[in-house]
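Report on the following structure.
Note: hydrogens, waters and symmetry copies are ignored here, and every other heavy atom, side chains too, is used.
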Amino acid sequence: MIAPLTATDRAQAANTAGSTGPLQAQLQKCQTELSSWVNCDSAKTSSGQARIAALQAQVQAIEQRLARVREAAQPAAPTPAAAPAPGSGPLGNILDVYA
């Protein structure tokens, strides 16, 4: 389940340029730290595995926030214009038939 947008998410979406910049930087930092934990010797210990799980959860949370911010920043899709109903024009149901 995705959590609703927070005030922080809306504020970040309101920024036009670089609204995802701080989140991208935070995500990259977490991914780098996660990579170092996965590739070190202490990754096999219970405390190392707990730290890896916490970092994976943090990465996932940041990715979800990024997705919500990007979604909130996108303009709403325009609705297609409906064709006028027959007979609703200024001339009504006038029909010209030339033989």
Side-chain angles (χ1 to χ4, degrees):
M1 181 174 131
I2 296 177
L5 286 175
T6 64
T8 304
D9 294 334
R10 285 191 182 96
Q12 287 175 343
N15 292 337
T16 53
S19 64
T20 60
L23 285 175
Q24 288 283 0
Q26 190 178 11
L27 177 63
Q28 186 173 3
K29 179 183 172 192
C30 287
Q31 287 174 332
T32 302
E33 188 176 351
L34 175 62
S35 176
S36 67
W37 271 95
V38 167
N39 295 317
C40 75
D41 291 336
S42 61
K44 297 177 178 97
T45 65
S46 60
S47 63
Q49 289 175 351
R51 182 67 181 148
I52 289 170
L55 285 168
Q56 286 173 332
Q58 191 173 4
V59 165
Q60 186 178 15
I62 294 169
E63 287 173 341
Q64 288 175 350
R65 286 186 65 201
L66 268 170
R68 288 195 313 264
V69 168
R70 287 179 181 142
E71 183 180 300
Q74 290 179 351
T79 57
S88 64
L91 299 177
N93 289 326
I94 298 175
L95 179 64
D96 283 337
V97 179
Y98 292 99

- Task: Quick one: pull up CZ in Arg51 and CD in Glu33 and give me the separation to the nearest 0.5 Å.
- Result: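 These two atoms lie 4.5 Å from each other.
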
- Message: Just so I know, are the side chains of Gln56 and Val59 near enough to count as touching, which here means a heavy-atom distance under 4.5 Å?
- Response: no

- Message: Would the distance check show the side chain of Ser35 and the main-chain N or O of Gln31 forming a donor-acceptor pair, the cut-off being under 3.5 Å?
- Response: no

- Query: Do any N or O atoms from the side chain of Ser42 and from the backbone of Thr45 form a donor-acceptor pair under 3.5 angstrom?
  - Reply: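 Such a contact is absent between Ser42 side chain and Thr45 backbone.
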
Over 12 foreign heavy atoms within 6.0 Å of [atom1], [X]:
X: Gln28; atom1: CD; value: no
X: Gln49; atom1: CD; value: yes
X: Asp41; atom1: CG; value: no

- If every non-hydrogen atom of Ile62 is compared with every non-hydrogen atom of Leu23, which pair is closest and at what distance? CG2-O, 3.7 Å

- On a heavy-atom basis, the closest approach of Ile52 and Val38 is CD1-CA, 3.9 Å

